[in-house]
J.: 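I'd like to ask some things about the structure below.
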Amino acid sequence: MAASTSTGSFRVLAAGAGAESPGSGDVPEGGQPAPPGDLRSVLVTSVLSLEPLDLDLFRGRHYWVPVTRRLFGGQIVGQALVAAAKAVSEDVHAHSLHCYFVRAGDPTVPVLYQVERTRTGKSFSVRSVKAIQHGKPILICQASFQQSQESPIQHQFTMPTVLPPEELRTQEELIQKYLQDPNLVEKYRLGLNKILAQEVPVEIKPVNPSEILCQLPQEPKQLFWVRARGYIGECDMKLHCCVAAYISDYAFLGTALLPHRQHPVKFMVSLDHSMWFHAPFRADHWMLYECESPWAGGCRGLVHGRLWRRDGVLAVTCAQEGVIRVEQSPAESKL
């Protein structure tokens with residue numbers, strides 16, 4: 001099980017009360033310009049950079065660890081996809097992955113990624129990856145890759161109409177604004193300062209910032225613009241898919257908590273994570289992350305997500321289920 005992080009509601013992180021939360025010269029609109037010197041995204045230079053140990057065996061290290069001191073699930077998924085991508089040819093692209101988190105990740109030791117070349121076909125190739133710590137798997141991942149193929153069968157949903165990222169504040173700017181409120185509850189102030197102190201390699205701009213510190217239950221949906229910090233540039237699309245895998249787990253599971261803000265969270269971890277890659281994209285360009293939770297029950301919550309390019313193209317679809325345990329009010333006496 002991997003730690004899940006919820007920025008859809010700062011309340012979960014801010015409370016801090018035991019919640020297991022978490023190339024080219026011309027740059028298109030919303031992208032990051034090529035910086036002077038070596039300012040490439042840390043997601044490329046560090047987080048998703050694996051050390052080869054043997055054929056199909058790699059070692060990954062950690063960059064950012066949530067306050068829960070569990071490994072961030074998006075990091076494990078992203079590194080697993082990197083390992084799988086190193087075991088396929090350059091002329092295929094990732095089209096889907098399906099992962100199960102089976103044990104909590106230990107942030108004090110590296111993760112070993114063992115790849116099995118399950119099948120290499122003419123159109124599709126499958127790679128199985130085990131992420132291992134202390135001799136036991138912490139994640140099991142199946143990743144599938146496809147040769148590019150044209151088809152007349154095409155359709156997609158319509159991208160929501162929202163304010164562009166240039167007209168919205170970043171998560172850090174919003175936190176600074178809330179910290180200026182003299183009436184802010186002290187436990188939230190401490191929690192928000194903890195968030196500011198973390199070096200998260202993802203930029204986020206909530207579309208509806210007024211809902212972030214709201215204590216009232218709301219619909220289990222949220223929208224925010226997201227991109228990797230730093231510059232990645234034009235490169236193998238598989239690398240952008242790996243970065244998107246990292247980004248997709250950030251703030252995702254917290255969507256299921258939005259209708260239940262009256263219940264303090266005791267424990268929240270992701271159980272599984274699936275992704276489908278539909279169209280080319282740049283993970284260092286702003287993309288709209290549309291998240292919704294169609295169901296919660298039995299101490300579990302299900303979330304769906306869609307990553308949209310700014311031009312309205314649906315680039316990635318995600319799904320995740322996680323364990324969510326909250327503090328329950330004592331049963332009323334029948335006497």
Side-chain angles (χ1 to χ4, degrees), residues 1-5 22 40-66 68-88 93-118 126-145 198-202 226 228-230 232 235-250 252 269-275 277 283-284 316 318 320:
M1 295 182 181
S4 177
T5 308
R40 287 175 61 81
S41 171
V42 70
L43 283 170
V44 175
T45 62
S46 178
V47 178
L48 299 177
S49 179
L50 300 184
E51 176 188 0
L53 299 178
D54 203 339
L55 179 65
D56 297 340
L57 182 64
F58 307 90
R59 177 162 52 201
R61 301 187 182 274
H62 323 309
Y63 174 77
W64 174 72
V65 178
T68 60
R69 307 311 300 170
R70 290 172 176 257
L71 283 185
F72 174 50
Q75 173 186 294
I76 308 172
V77 174
Q79 290 183 343
L81 185 56
V82 170
K86 289 180 178 294
V88 295
H93 63 272
H95 77 86
S96 69
L97 63 84
H98 304 277
C99 302
Y100 277 99
F101 299 100
V102 293
R103 289 181 177 84
D106 181 354
T108 66
V109 298
V111 180
L112 295 179
Y113 293 91
Q114 187 176 59
V115 182
E116 176 186 325
R117 305 192 181 206
T118 307
V126 177
R127 298 295 182 262
S128 304
V129 183
K130 282 186 180 180
I132 301 169
Q133 284 187 322
H134 305 297
K136 298 179 180 179
I138 63 173
L139 173 132
I140 299 171
C141 174
Q142 299 280 343
S144 184
F145 301 81
Q198 299 182 63
E199 297 182 3
V200 181
V202 178
V226 63
R229 293 189 188 276
I232 298 176
C235 59
D236 187 342
M237 188 60 219
K238 288 193 286 292
L239 178 57
H240 285 282
C241 290
C242 294
V243 173
Y246 182 100
I247 292 174
S248 68
D249 192 37
Y250 197 78
F252 198 21
V269 295
S270 47
L271 288 171
D272 56 25
H273 192 87
S274 295
M275 300 182 72
F277 304 99
D284 55 348
V316 184
C318 313
Q320 184 179 101

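Numbers here simply count residues along the sequence, with the first being 1. A quick note: this is a predicted structure, and the numbers were derived from the prediction, not measured.
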J.: Kindly indicate whether the side chain of His134, heavy atoms from C-beta on, has any atom under 4.5 Å from the side chain of Asp106.
T.: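 Touching, per the 4.5 Å side-chain cut-off.
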J.: Could you report the tightest heavy-atom contact between Val115 and Ala87, atom names first, then the distance?
T.: CG1-CB, 3.8 Å
J.: Report yes if the side chains of Phe145 and Arg127 come closer than 4.5 Å at any heavy-atom pair, otherwise no.
T.: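 Sidechains of Arg127 and Phe145: in contact.
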J.: Spell out, as yes or no, whether a donor-acceptor pair under 3.5 Å connects the side chain of His62 to the backbone of Val109.
T.: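 Indeed, once roles are kept as given, a pair shorter than 3.5 Å links the two residues.
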J.: Compare all side-chain heavy atoms of Val102 with those of Leu139 and state whether any distance is below 4.5 angstrom.
T.: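 SC-SC contact between Val102 and Leu139 ruled out.
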J.: Return the OG to CZ distance between Ser270 and Phe72, rounded to the nearest 0.5 Å.
T.: 8.5 Å
J.: What distance separates Met275 CE from Ser248 OG, expressed to the nearest 0.5 Å?
T.: 3.5 Å
J.: Can you tell if the side chain of Pro107 reaches within under 4.5 Å of the side chain of Arg70, non-hydrogen atoms only?
T.: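 No, too far: nothing below the 4.5 Å cut-off.
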J.: Working note: His273 + Asp249, criterion side-chain contact (heavy atoms from CB on, under 4.5 Å); need CA distance, chi angles, decisive distance, verdict.
T.: CA-CA 8 Å; His273 192 87; Asp249 192 37; 4.1 Å; yes
J.: If you look at every heavy atom in Pro52 and Leu50, which pair is closest and at what distance?
T.: CD-O, 3.5 Å
J.: Within the 4.5 Å heavy-atom criterion, are Ile132 and Val111 side-chain neighbours or not?
T.: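 No, too far: nothing below the 4.5 Å cut-off.
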J.: Test your reading of the model: is there a side-chain donor-acceptor pair from Arg103 to the backbone of Pro137, 3.5 Å cut-off?
T.: yes
J.: Would you check if there is a donor-acceptor pair between the side chains of Gln142 and His98 at a distance under 3.5 Å?
T.: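 No.
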J.: Just so I know, are the side chains of Phe101 and Val77 near enough to count as touching, which here means a heavy-atom distance under 4.5 Å?
T.: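 Yes, close enough: below the 4.5 Å cut-off.
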J.: Quick one, Leu239 and Cys241 - any side-chain contact, counting heavy atoms below 4.5 Å?
T.: no
J.: Applying side-chain contact (heavy atoms from CB on, under 4.5 Å) to Val47 and Tyr246, what does each step give before you reach the verdict?
T.: CA-CA 9 Å; Val47 178; Tyr246 182 100; 3.6 Å; yes
J.: Among side-chain atoms of Gln79 and Tyr113, is any donor-acceptor pair under 3.5 angstrom?
T.: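 Side-chain D/A pair, Gln79 to Tyr113: present.
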J.: Just by distance, do the side chain of Arg229 and the backbone of Val200 share a donor-acceptor pair under 3.5 Å?
T.: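 Indeed, once roles are kept as given, a pair shorter than 3.5 Å links the two residues.
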J.: Please give me the minimum heavy-atom distance between Ala245 and Gly78, naming the atom from each residue.
T.: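 Smallest heavy-atom distance, with atoms named: CB-CA, 4.0 Å.
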J.: Would you sort out whether Lys136 and Ile138 count as a side-chain contact (heavy atoms from CB on, under 4.5 Å), showing the intermediate values?
T.: CA-CA 6 Å; Lys136 298 179 180 179; Ile138 63 173; over 6 Å; no
J.: Restricting to non-hydrogen atoms, name the atom on Gln75 and the atom on Arg61 that form the minimum distance, rounded to 0.1 Å.
T.: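 Smallest interatomic distance, heavy atoms only, reads NE2-O, 3.8 Å.
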J.: For residues Ala283 and Ala244, report the shortest heavy-atom separation together with the two atoms involved.
T.: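 Minimum heavy-atom contact is CB-N, 4.4 Å.
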J.: Could you go through Val126 and Arg117, starting from their C-alpha distance and side-chain angles, then the distance that decides it, and tell me whether this counts as side-chain contact (heavy atoms from CB on, under 4.5 Å)?
T.: CA-CA 7 Å; Val126 177; Arg117 305 192 181 206; over 6 Å; no
J.: Looking at every heavy atom in both Cys235 and His240, which two are closest together, and how far apart are they?
T.: SG-NE2, 3.5 Å
J.: Supply the atom-to-atom distance Leu81 CG to Cys242 SG, rounded to the nearest 0.5 angstrom.
T.: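 Going from the CG atom of Leu81 to the SG atom of Cys242 covers 3.5 Å.
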J.: So, do Gln320 and Ser274 sit near enough that their side-chain heavy atoms are less than 4.5 Å apart?
T.: no
J.: Report yes or no: does Ser41 contribute a side-chain atom to a donor-acceptor pair with the main-chain N or O of Leu43 at less than 3.5 Å?
T.: yes
J.: Can you confirm whether the side chains of Asp56 and Gln114 place a donor and an acceptor under 3.5 Å from each other?
T.: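 Per modelled atom types, Asp56 and Gln114 side chains form no pair under 3.5 Å.
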J.: Give a yes-or-no answer on whether the side chains of Ser144 and Ser96 include a donor-acceptor pair shorter than 3.5 Å.
T.: no
J.: Determine yes or no for a side-chain-to-main-chain donor-acceptor pair under 3.5 angstrom, with Asp272 supplying the side chain and Cys99 the backbone.
T.: no
